[in-house]
Structure formats: structure tokens, C-alpha cells
Amino acid sequence: MMNSFPYSDDNKRYHSYSYYLKKRFGRKVYKVPLNTDLGCPNRDGSKGVGGCAFCSAKLSGDFAGDPRTTIEEQYANVRTVMEKKWADGLCIPYFQAGSNTYAPTEKLREMYECALGLENAVGLSIATRADCIDEEKAAMLGEFAKRTYLTVELGLQTVFDKTALAMNRCHTYADFLHGYELLRKNGVNVCVHLINGLPGEPPDMMCESARRVGQLDIHAVKLHLLHILKNTQLAAMYEQGQFRALEMEEYINIICDQLELLPPHIIIERLTGDGDREELIAPLWSRDKRRVLNGIDMELARRSSQQGLCLIHNS
């Protein structure tokens with residue numbers, strides 16, 4: 001079957017981030033990960049201690065810059081590496097590690113202004129928790145959204161509070177919706193993170209998370225594989241046999257099922273995740289990212305399927 005998916009120019013059957021950025025900016029755009037060491041309310045006792053069970057010691061910023069250096073220095077260091085591959089690429093400064101709205105509004109404004117003024121920067125991406133968004137911060141982010149291509153990434157992981165509680169996420173789905181609504185009210189693009197393979201969640205629950213997120217007014221989604229990393233709460237659970245890691249074939253099928261449930265206009269920023277190879281306990285097959293992505297492409301083609309297919313059939 002010929003691929004007739006409208007948001008693709010390279011035979012993908014989903015709305016890839018690279019396709020969107022190329023269409024919007026006319027050339028390659030890549031993110032430059034930054035670490036400003038703002039911490040997290042789920043680490044310092046404000047909401048909880050120890051962080052989410054799956055979160056690394058680097059607050060899921062394993063590939064971000066060194067927080068002991070300035071934003072300018074981090075940006076320059078990463079660009080030096082990336083420019084070897086994409087000499088004429090444009091950049092999106094990406095506040096990745098920790099909760100990047102967990103500070104006074106004026107401090108945040110200074111950080112974002114600094115990043116936006118960097119050479120070749122054409123937008124901003126800010127990763128945070130929904131419970132670190134309030135009216136004042138949402139309004140400030142709305143101001144930036146009028147000036148540049150801004151996306152705020154909210155780490156939801158699952159719509160099921162029972163799972164979130166077991167993972168020590170320390171905020172509910174209702175909390176997520178509140179932060180999301182504040183951002184959308186102020187015209188801010190929202191990208192939602194979901195994790196597949198969380199303990200206690202069968203495939204139908206993972207698909208339900210995708211379905212419900214797809215019903216929201218979101219800009220993009222990141223679908224992650226659960227990585228079991230050394231020195232995390234999750235690692236202890238895994239080593240005690242409390243759950244098993246997904247096999248690659250299972251993961252590919254879950255991703256394809258989720259893509260079929262997501263509206264075609266939603267950008268797919270990620271279909272798997274990168275775990276630090278030195279810290280990764282399982283699943284080890286995730287190290288071969290290209291194989292996973294090729295497997296997703298092949299499974300969608302085998303099904304003669306594409307992103308949003310279930311919605312098309314149900315309309």
C-alpha cells in the first residue's frame with residue numbers, strides 16, 4: 001500500500017519532529033540540551049524526596065551540559081560537536097535537566113532571554129513538571145510564545161494515578177491538567193511525555209494514556225521506553241523481580257497501537273529514548289535505536305497503518 005500520510009516527505013507514517021521543523025524553518029534544526037541545575041520539587045522535599053522511581057541522578061538530563069558552566073558555555077560546547085554533522089543547522093536551546101520552571105519568574109525570564117539571544121537560536125524548549133506551572137509563570141511563558149517557537153514539555157508519563165503513586169511522581173493527572181490548561185490559556189505549545197513499560201501497566205493502559213493525551217489540545221508528544229538505570233528506585237524493584245522489562249517486539253507493537261490513536265497533526269518528537277549506556281541495566285536492546293525505529297516503520301507498513309488510523313476509521 002502506498003503511504004499517503006500527509007505529514008511526511010520521507011515515507012514515514014507518523015508526523016515526525018524533523019519533518020515539522022524542516023517545513024517550518026526550511027532546513028535542519030536540532031536541540032541543544034542545557035542544565036541550569038534548578039532541581040525538582042520531588043527531590044528537595046517540597047513535594048517528595050528521592051525523585052520519580054525511574055529518574056536518573058542527573059534528573060533525566062544525562063546528555064545535557066555541565067551546570068557549573070554558563071548557558072552560553074554549554075550552548076557553545078554542544079554546538080561545536082553538532083556542527084560537525086550539521087554545519088548550517090539552526091538550534092533550539094533545550095532546558096532539559098530537572099524542572100525548568102522551578103524558580104522565581106524573574107530568574108526564569110533571565111534564563112530564557114539569555115538562551116533566546118544565542119547565535120542561531122530559533123526557539124526554546126523547556127522541560128518541567130505541570131505542578132511547577134502557575135498563573136504568573138504561564139503568563140510569562142505566553143509572552144515568549146508570541147516572540148519565538150516555544151514548546152513546554154510536561155512529564156506526565158501516565159494518566160493513571162495509581163501508577164504515578166507507585167513511581168513516586170508526587171502529582172496527579174488532575175495536577176497535570178491544571179498546568180496544561182494554564183499553558184494553553186496563554187498560547188503556549190505543550191509537548192507531553194509518556195513512558196511505556198511502567199510497572200503494573202499492561203499494553204491497554206499504555207494505549208489509554210496515549211488516547212486521552214491525544215484528545216487534548218497539544219502540540220507534540222514524546223513516547224519513551226522505560227529505562228532501568230543504576231542507582232534508581234526502579235533498579236531496586238527490577239532486581240527484586242517486581243516487574244519485567246518490555247521486549248523489543250512488544251514495545252514496537254505498543255508504539256504502533258499508540259500512533260494509531262494519536263491525531264495526525266500531533267508532532268511525534270520521540271518514539272524511544274536514549275539511556276546512558278554506562279548506567280543502563282535493561283532493556284539492553286534499546287541501545288540499538290536505529291533497529292527499534294526501523295522496526296516501528298516496518299510494523300506500520302505491515303499493518304498498512306499510519307498515525308491516527310483509528311480516528312479515521314471511527315469518524
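Heavy-atom basis, side chains included; hydrogens, waters and symmetry copies ignored. Heads up: numbering here begins at 1 and tracks the sequence.
Under the 30°/60° scheme for interplanar angles, the aromatic rings of W285 and Y251 are found to be tilted.
When the options I266, I126, T151 are evaluated for a side-chain contact (heavy atoms from CB on, under 4.5 Å) with C191, the one that passes is T151.
Applying the side chain to side chain contact (heavy atoms under 4.5 Å, CB included) criterion to C170, with sequence neighbours excluded, gives N42, K47, R129, N168. Partners of R290 under the side chain to side chain contact (heavy atoms under 4.5 Å, CB included) rule, at least two apart in sequence or in another chain, are D288, N294. Scanning for ring-ring contact (aromatic ring centres under 6.0 Å, His included) contacts around Y180 gives an empty result, with sequence neighbours left out. Under the side-chain hydrogen bond (donor to acceptor under 3.5 Å, both in side chains) criterion, Q215 pairs with no residue, sequence neighbours left out. For N120, there are no side-chain hydrogen bond (donor to acceptor under 3.5 Å, both in side chains) partners at least two apart in sequence or on another chain. Partners of F160 by ring-ring contact (aromatic ring centres under 6.0 Å, His included), not counting sequence neighbours: none found. Under the side-chain hydrogen bond (donor to acceptor under 3.5 Å, both in side chains) criterion, R287 pairs with no residue at all, not counting sequence neighbours. With sequence neighbours excluded, the residues forming a side chain to side chain contact (heavy atoms under 4.5 Å, CB included) with E249 are E247, listed by chain and number. Take H227 and apply the ring-ring contact (aromatic ring centres under 6.0 Å, His included) test, not counting sequence neighbours, and it matches no residue. Residues meeting the side chain to side chain contact (heavy atoms under 4.5 Å, CB included) test with T172, sequence neighbours left out: D161, A174, D175.
For the pair L141/Y112, a side-chain contact is recorded, criterion being any heavy-atom separation below 4.5 Å from C-beta on. Inter-residue side-chain proximity for L259 and L300 is flagged as met; some heavy-atom pair is nearer than 4.5 Å.
The minimum heavy-atom distance between G123 and T148, with the atom names listed, is CA-OG1, 3.2 Å. When all heavy atoms of Q307 and P263 are compared, the pair lying nearest together is NE2-O, 2.7 Å.
Distance CD/E110 to CD/E113: 9.5 Å, rounded to 0.5 Å. For the atom pair C310 SG and D257 CG, the distance stands at 7.5 Å (nearest 0.5 Å).
Here side chain to side chain donor-acceptor pair (under 3.5 Å) pairs that include residues 80-90, with residues two or more places apart or in two chains, are R79-E83.
Side chains of D44 and Y102: a donor on one and an acceptor on the other come within 3.5 Å. A donor-acceptor pair shorter than 3.5 Å can be found between the side chains of Q258 and N196. Checked by atom type, the side-chain pair R303/N253 shows a donor-acceptor distance below 3.5 Å. A donor and an acceptor atom, one from each side chain of Y94 and E153, are located under 3.5 Å apart.
Without hydrogens or angle criteria, N100 side chain to A127 main chain gives a donor-acceptor distance under 3.5 Å.
Under the 6.0 Å cut-off for aromatic ring centres, H15 and H265 do not qualify, their centroids lying 6.0 Å or more apart.
Clustering of Ile, Leu, Val, Met, Phe, Trp and Tyr side chains at separations under 4.5 Å places Y149 together with Y17, Y20, L21, F25, V29, L90, I92, V122, I267.
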